[in-house]
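Please read the structure below before turning to the comments.
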Amino acid sequence: MAKPIVIIGAGINGLVAAADLAARGKPVQVFERGPIPGGAVRTEELTLPGFRHDVAAMNLSMFAGSGFMAKHGEEMARHGMEFVPITHPFAQAMEPGDYLGVSTDLDETLATFGSEADKATWRALMEDFPERAGVVGGLLGTPMKRWPLAKFLWSKWRALGTAKSLEIARFLMSSPRSWLEETFEDPRLHTALSTWGMHLDFAPDIAGGAIFPYLEAMGGQAMGMVIGKGGADVATRALVKMIEAHGGTVTCNAEVSEILHRNGRAVGLVVNGEKVKASTILAGLAPKHLLRLIGWDSGDPRFDRGLEKFRHAPGTMMVHLALDAPVPWKADALGKFAYVHIGRSIDAASLTYAQAAAGYLPASPLLVVGQPTLFDPSRAPAGKHTLWVQVRMVPAEIKGDAKGEISETNWAHAKAAMAERALDLIEEQAPGFRNVIAAKTVVSPLDLEAENPNLVGGDQICGSHHLNQNFLYRPVRGFADRSTPIDGLQMIGAACWPGAGTGAASGFFAAQDIK
């Protein structure tokens, strides 16, 4: 009998790799240290019975559009995969009562703009979107291997010509602020779109951060957004069913304490104290945990130093709320959007990032407010709602409070006060908001890491995506193809190219490499 392919970690990348391999008749075993599969893509009753909250990831648009779903979508549907389409993906709440929103109705989107010139620019960007998205999205979907990458770049250069290729290359290196200020004249648009960069650790002035604001803005306009029916875990539950339907196994409460290797070759691992033989291992681990499990020595000192020095983004705090009624937004239209970002200006976002990066609790954190039950009532009892609030950015280790109000530097004691600061920001945008809160659960960055060690310091994207740690440098130069110096051991997960998100491309790429 062939040795099974072993996958460490039942996050979205590990499950996608296992499902694809199992569907192709490969024997697979998945080991997950937590009590349930899913990693950051889980849904649990975190506040009151009947209120289902997405633990971390809520937006499944990348998963819906992934290569895996293109290949296996029909089977996933048979295993219960169901998406909820959303026509109003996001809005930015700025001064109370003022907002800018993007929906799939172009005229509705443009009605929130304050500049006729920007309306014309937006229309032009939408016309150009299919071509540019083909380049940018195609690059993100290309493995960082010599021949696939060379083939992709050559084909795009031939199709676009030198001038347009150089223009796109410049765009890929641009900061959110530089691209937005060159493109739009209204500061409200700069604020609304730059917020998306913060999802991937790109403050407004960090080079390479223009990609995500562009893709989310244009993609939201063109296609909207999707969430999972009943919760994001509908994806992970369907993946587990698919794996098991093809003979694979997913074992939870399975603590991997060592990856065994001999003479530069993977030979197995230790799970709950027992040795498991394996010659092919896919490790969905944050770099520091991979380094620890291989015994701090891969045989390549440069690789080991790269994993040790891998830099994580600032942390995130989550506030999960059970509500008796929808949020009473001052701008009524905000009640139509899946995401409401709260942040008054692009400069405020820049300051928030700087404060968090310096170790200070931000005076005015940026909030990502998710309203899933507006579109999927099955997540809460009749007439009730859940609210999903990301507090970005916050430090893993607190040196102080930028506002001078919170004296605690231990997250166990500081998180309640920091959560109240976040709720104050929502209350400004929605007077009377606290009156509809039935229950809340606050999850600090260190709580996130304790539950899922891959979220180091509460970093929900498993590593900064700055240019020196992206593309050919993710996670280490020479190993952006997910390989390691240990034959038979591959890395998967958000720390690998193409990085964070529910698209699970690194897991899907890894599965394709196994013939």
Would you please indicate if the ring centroids of H341 and H199 are separated by under 6.0 Å?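 Between H341 and H199, the centre distance is under 6.0 Å.
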Step through it carefully: locate the ring centre of Y339, locate the ring centre of W388, and say whether they are under 6.0 Å apart.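 That pair passes the under 6.0 Å test.
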Hey, can you tell me if H466 and F202 have their rings parallel, tilted or perpendicular (30° and 60° cut-offs)?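 Correct class here is tilted.
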Which atom of A419 lies closest to which atom of V319, heavy atoms considered: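 Here A419 and V319 meet closest at CB-CG2, 4.2 Å.
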For residues 138-173, which residue pairs pass the ring pair (Phe, Tyr, Trp, His ring centres under 6.0 Å) check, not counting sequence neighbours?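 Residue pairs with at least one partner in residues 138-173: W154-W157, F171-W179, F171-Y214.
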Under 4.0 Å between a side-chain nitrogen and a carboxylate oxygen: does that hold for [X] and [Y]?
X	Y	value
E451	R42	yes
E167	R132	yes
R482	D513	yes
K26	D20	no
E258	R292	no
D481	R474	no

Over 12 foreign heavy atoms within 6.0 Å of [atom1], [X]:
X	atom1	result
R302	CZ	yes
R265	CZ	yes
K229	NZ	yes
K71	NZ	yes

Could you measure the distance from the OG1 atom of T251 to the CZ atom of F31? Nearest 0.5 Å is fine.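 Output value for this atom pair is 5.5 Å.
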Establish, from distance only, whether the side-chain atoms of [X] and [Y] form a donor-acceptor pair under 3.5 Å.
X	Y	result
T162	S165	no
H246	E75	yes
H79	R237	no
R379	T386	no

